[in-house]
Amino acid sequence: MADVRLVDIIDVLEAAYPPRLAESWDSVGLVCGDPAEPVESVTVAVDATADVVAQVPERGLLLAHHPLLLRGVDTVSAGTAKGALIHSLIRTGRALFTAHTNADSASPGVSDALAEALGLEVTGVLSPAKARPNLDKWVVFVPVEDVDAVRSAMFDAGAGRLGDYSQCSWSVTGGGQFLPGDGASPAIGSVGTVEHVTEDRVEMVAPAGARAAVLAALRHAHPYEEPAYDILALQAPPGDVGLGRIGTLSEPEPLASFVSRVRRALPATSWGVRASGDPEATVSRVAVCGGAGDSFLTDVAAAGVQAYVTADLRHHPADEHRRVSDVALVDVAHWASEHPWCGQAASLLRRHFGAALPVTVSEVRTDPWNVEEC
């Protein structure tokens, strides 16, 4: 049976959890490991802790939801706790890969797994990924000595803006050729002779509404009689991606019964399950968000749901929400809310690789809160 390489697994994971869906502050993807090397097993976990890493066999891959290395990392010295884990992985040919906020927003993703664990049928996205503005991507081929003039003209016509940045472009040098025919008036070369020219491929985005102005500027500044260019309409993310999900129960039930459902569905933690609301209120439509979700309380209040299941709810946001909204809050441990995703990711890899790649979900409880009341 052919070896499964790390790159083969990465291809499957990035197709399911596209890196483009990750938040700008996040760090996702391969942390350590050689993509060309074979992988003999995969262990899936929420966190890459020492106890979890100890479970990963040699030449295995640890697929973690939370990044091991995120903010302010400037060393992986073996003298640091996280550096020691990286060194131990590398020494034994083990790899580490992270799918974090890209797995949160993907469809299916973390919140879909949470909804499934609770017996909800997903009907929508709580906070849909923002659609990219209506943009074109321009690709223009320009003789190297004329690149600055063409680029500047396109910028002046409205191209090259990304958020708060302007004059954004990318280019690479290559070789172009053309054969001027009868009736042509070439700026370079002569009719009937193949001409070879060193050109830059210049790329930038522009609003679709500025297409005519950008084209006119390009033609005016370009030295060729017939400039070569492509205009590619950029696609917005599909409508089923984003953070959190909205789902329905097969049968309505009181909030107290729903809270019990949540407790049974998720792994036990010292945090337990806390709820705020009328215990007798009927719950049929629910919002969920794996991980910390109090930033979506405004979305929840407008979502037409009776309850919201998430983690890490803080006192003041919860208090303010309950003062103005009848939507009940169900607060669980962060780790517990995301643990169902491990099974989802494991199933994804099993479907693709079958018996060629053993996949295990770690049952180590990586919730940092570990002392329970006696």
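Just so you know, these numbers use all the heavy atoms, side chains as well, and skip hydrogens, waters and symmetry mates. Residues: numbered from 1 along the sequence shown.
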| Atom of Leu30, atom of Gly33 and distance for their closest heavy-atom approach | CD2-O, 3.5 Å
| request: Just do the side-chain hydrogen bond (donor to acceptor under 3.5 Å, both in side chains) check on Thr282 and Gln306 with the steps written out, would you? | output: CA-CA 7 Å; Thr282 299; Gln306 294 88 42; over 6 Å; no
| query | Counting distance only, does the side-chain N/O of Ser260 pair as donor-acceptor with the main-chain N or O of Ala256 below 3.5 Å? | reply | yes
| said: One pair to check against side-chain hydrogen bond (donor to acceptor under 3.5 Å, both in side chains): Gln55 and Ser362. What are the steps and the verdict? | reply: CA-CA 8 Å; Gln55 292 185 327; Ser362 173; 2.7 Å; yes
| field | Smallest separation among heavy atoms of Ala16 and Ala106, with atom names | value | O-CB, 3.4 Å
| task | Determine, step by step, whether Phe353 and Val42 satisfy the side-chain contact (heavy atoms from CB on, under 4.5 Å) criterion, reporting the C-alpha distance in whole Å, the side-chain angles of both residues, the deciding distance to 0.1 Å, and the verdict. | result | CA-CA 11 Å; Phe353 297 105; Val42 177; over 6 Å; no
| remark: What one should report as the nearest heavy-atom pair of Asp112 and Gln344 is CB-NE2, 4.2 Å
| request: Please confirm whether the backbone N or O of Glu23 pairs with a side-chain atom of Thr101, one donor and one acceptor, at under 3.5 Å? | output: yes
| task | Verify the neighbour count for atom CD of Glu199: are there more than 12 heavy atoms of other residues, nucleotides or ligands below 6.0 Å? | result | yes
| Hydrophobic cluster membership, Val214 vs Phe155, 4.5 Å side-chain cutoff | yes
| Same cluster or not: are Leu218 and Ile231 linked, directly or through other Ile, Leu, Val, Met, Phe, Trp or Tyr residues, by side-chain heavy atoms under 4.5 angstrom apart? | yes
| For the atom pair CG (Leu70) and OG (Ser27), what is the distance rounded to the nearest 0.5 Å? | 6.0 Å
| query | Does the side chain of Glu338 come under 3.5 Å of the side chain of His66 through a donor N or O and an acceptor N or O? | reply | yes
| said: Whether Lys137 and Glu203 form a salt bridge (side-chain N of Lys/Arg under 4.0 Å from carboxylate O of Asp/Glu) is what I want to check. | reply: yes
| remark: Heavy-atom closest pair (Asp136 atom, Ala208 atom, distance to 0.1 Å) is OD2-CA, 3.4 Å
| From Gln167 CD over to Arg151 CZ, what is the distance, rounded to the nearest 0.5 angstrom? | 9.5 Å
| task | For His87 and Val76, indicate whether the former's side chain and the latter's backbone hold a donor-acceptor pair under 3.5 Å. | result | yes
| Ser337 side chain to Gly291 backbone, donor-acceptor under 3.5 Å | yes
| query | Val53 and Ile86: same hydrophobic cluster, using ILVMFWY side-chain contacts below 4.5 Å? | reply | yes
| query | Taking the six-membered ring for Trp, are Trp271 and Trp369 parallel (under 30°), tilted (30 to 60°) or perpendicular (over 60°)? | reply | tilted
| task | Say whether, by atom type as modelled, one donor and one acceptor occur between the side chain of Thr269 and the main chain of Ala333 under 3.5 angstrom. | result | no
| query | Taking all atoms of both residues into account, what is the closest heavy-atom pair of Asn102 and Pro18, and its distance? | reply | CB-O, 3.2 Å
| query | If you draw a 6.0 Å radius around CZ in Arg322, do more than 12 non-hydrogen atoms from other residues or ligands fall strictly inside? | reply | yes
| Heavy-atom closest contact (Ala78 atom, Ala84 atom, distance) | O-CB, 3.6 Å
| query | Do other residues, nucleotides or ligands put more than 12 heavy atoms under 6.0 Å from His196 NE2? | reply | yes
| Step by step, would you call Leu349 with Val12 a side-chain contact (heavy atoms from CB on, under 4.5 Å)? | CA-CA 8 Å; Leu349 295 176; Val12 172; 4.1 Å; yes
| request: Evaluate the side-chain hydrogen bond (donor to acceptor under 3.5 Å, both in side chains) criterion for residues Arg285 and Thr248: first the C-alpha distance (whole Å), next the side-chain angles of each, then the deciding distance (0.1 Å), finally the verdict. | output: CA-CA 4 Å; Arg285 184 172 160 87; Thr248 58; over 6 Å; no
| field | Working for side-chain contact (heavy atoms from CB on, under 4.5 Å), residues Tyr229 and Phe141 | value | CA-CA 6 Å; Tyr229 60 89; Phe141 300 88; 6.0 Å; no
| Donor-acceptor side-chain pairing of Asp299 and Ser127 below 3.5 angstrom | no
| query | Are Arg261 and Glu253 within salt-bridge range, i.e. N to O under 4.0 Å? | reply | yes
| request: If the plane angle is over 60° it's perpendicular, under 30° parallel, otherwise tilted; pick one for His65 and Trp341. | output: tilted
| task | Evaluate whether atom CD of Glu145 has more than 12 neighbouring non-hydrogen atoms of other residues, nucleotides or ligands under 6.0 angstrom away. | result | yes
| task | Establish whether Val46 and Val262 are linked, either directly or via other cluster members, by ILVMFWY side-chain heavy-atom contacts under 4.5 Å. | result | no
| said: Could you measure the distance from the OH atom of Tyr17 to the OG atom of Ser107? Nearest 0.5 Å is fine. | reply: 10.5 Å
| request: Establish, from distance only, whether the side-chain atoms of Glu58 and Thr92 form a donor-acceptor pair under 3.5 Å. | output: no
| remark: For Tyr224, the ring pair (Phe, Tyr, Trp, His ring centres under 6.0 Å) test, sequence neighbours excluded, returns Phe178, His222
| His321 side chain to Val327 backbone, donor-acceptor under 3.5 Å | yes
| query | Any chain of hydrophobic side-chain contacts (each under 4.5 Å) joining Ile90 to Val73? | reply | yes
